[in-house]
Amino acid sequence: MKNLLIFIFIGLFAQLIDGALGMAYGVTSTSLLLAFGIVPAVASASVHLAEVVTTAASGISHIKFGNVDKQTVYKLIIPGSIGAFLGATFLSNIPGDLAKPYIALFLLLLGVFIFIRFLFKYKESNHQSSINLSKKQSIPLGFIAGFADATGGGGWGPVTTPVLLSKKGVSPRKVVGTVDTSEFAIALSASIGFLISLGWNEVNWLWVGALMVGGVIAAPIAAWLVQKLNPQLMGVLVGGFIILINIRTIAQTWISNEEIHPIVYSAVVLIWLTAIIFTLIRIYHKKMLHFNS
């Protein structure tokens with residue numbers, strides 16, 4: 001019962017982050033599952049099966065709040081679904097113990113990318129009603145993001161959200177809603193790939209159900225919060241959290257001297273807290289400049 005409550009919390013926490021940022025549900029939940037000692041393929045399969053329900057709930061909520069560019073969703077889901085299916089099949093045929101530290105490294109790099117992106121390169125955009133993503137851009141973007149999502153248990157948001165946000169004049173609210181809504185097709189395709197490769201018996205359906213419950217509870221709250229919360233601060237919080245979770249797996253695998261582990265963790269936490277304070281100060285100064293102008 002205790003583990004189920006923990007998994008519900010993981011699903012709720014991850015969906016709140018994902019719904020506010022358009023990324024990190026898979027990365028956050030998979031990172032936490034790996035920390036519990038779950039094999040990468042099973043962890044990623046559990047997350048994607050849960051995401052079939054949570055992304056549907058999230059997409060409906062974002063559509064209700066007007067956060068979605070439907071044309072961009074249509075352009076992303078086909079290449080994304082193909083990439084997700086192939087990524088799931090690839091991961092399922094790799095031995096779990098061999099894959100775990102490398103998947104953790106991949107998730108760590110995604111965490112660093114999110115962290116740096118929101119700490120140093122985040123820019124507020126002028127709002128537009130559409131994202132204007134061309135087919136030439138959507139095909140490689142969707143395929144790469146889908147493959148990364150299935151192999152790492154997360155990657156659709158961290159890859160697609162920053163790319164879409166980099167387009168001039170795009171609304172962050174539209175990007176988040178569009179990415180979350182399109183993720184339903186990616187989660188469904190990855191889940192089919194995992195079930196074909198792993199089989200139904202390898203999946204712990206109680207874990208999946210717990211993740212679903214937490215995600216469904218958080219989905220409408222997150223769709224509303226995306227209009228209220230500061231995305232830069234959330235990005236720094238999420239990036240640092242993902243780095244901290246995955247650095248543990250990497251340290252336990254590749255750093256034999258356990259006395260060094262606390263030093264590594266402390267350094268990560270110190271950098272994370274410094275970045276949070278720095279971001280809060282920047283947000284405060286921006287508000288004061290806006291208030292005085």
Side-chain angles (χ1 to χ4, degrees), residues 4 7 10-11 14-15 18 23-34 36-59 73-107 110 138-160 179-216:
L4 287 179
F7 278 56
I10 290 173
Q15 185 58 49
D18 191 85
M23 65 175 76
Y25 177 89
V27 180
T28 303
S29 52
T30 303
S31 298
L32 290 169
L33 292 178
L34 287 177
F36 273 87
I38 297 171
V39 174
V42 176
S44 188
S46 301
V47 168
H48 281 92
L49 285 165
E51 277 188 310
V52 173
V53 173
T54 59
T55 53
S58 181
V73 171
Y74 299 146
K75 292 175 182 177
L76 286 172
I77 57 175
I78 294 177
S81 297
I82 295 171
F85 180 84
L86 294 176
T89 304
F90 172 75
L91 181 62
S92 299
N93 290 285
I94 299 177
D97 292 337
L98 177 64
K100 185 175 180 177
Y102 296 100
I103 297 301
L105 180 60
F106 174 70
L107 292 169
L110 285 178
S138 65
I139 292 173
L141 174 61
F143 181 84
I144 293 170
F147 189 89
D149 191 85
T151 53
W156 180 254
V159 175
T160 54
V179 170
D180 273 5
T181 303
S182 61
E183 194 169 9
F184 169 76
I186 280 66
L188 181 61
S189 297
S191 297
I192 293 171
F194 280 121
L195 290 175
I196 292 173
S197 300
L198 293 174
W200 293 83
N201 294 331
E202 290 293 324
V203 179
N204 189 316
W205 293 99
L206 284 176
W207 297 347
V208 173
L211 290 171
M212 285 181 180
V213 170
V216 169

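No more than 12 heavy atoms of other residues, nucleotides or ligands sit less than 6.0 Å from atom CD1 of I78.
Taking every heavy atom of both residues into account, I139 and P79 meet most closely at O-CB, 3.4 Å. Minimum interatomic distance between G215 and T54 (heavy atoms only, all atoms of both residues): CA-CG2, 3.5 Å. The shortest non-hydrogen separation linking A88 to A150 is N-CB, 3.4 Å. Between S81 and S189, the closest heavy-atom pair is CB-OG, 3.0 Å. Between E51 and A187, the closest heavy-atom pair is CB-CB, 3.6 Å. In this structure, D180 and S58 approach most closely via the heavy-atom pair OD2-OG, 3.3 Å.
Of the possible polar contacts, one joining the S197 side chain to the G193 backbone as a donor-acceptor pair under 3.5 Å is found. A distance-only check finds a donor-acceptor pair linking the side chain of S182 to the backbone of V179 [under 3.5 Å].
For the atom pair T89 OG1 and I192 CD1, the distance stands at 10.5 Å (nearest 0.5 Å). In this structure, T181 OG1 and Y74 OH are separated by 10.5 Å, a value rounded to the nearest 0.5 Å. Interatomic distance, F194 CZ to F85 CZ, rounded to the nearest 0.5 Å: 11.0 Å.
Side-chain atoms of W156 and L76, non-hydrogen and from C-beta on, do get closer than 4.5 Å to each other. When side chains are defined from C-beta on, L49 does not count as touching L211, because their heavy atoms never get closer than 4.5 Å.
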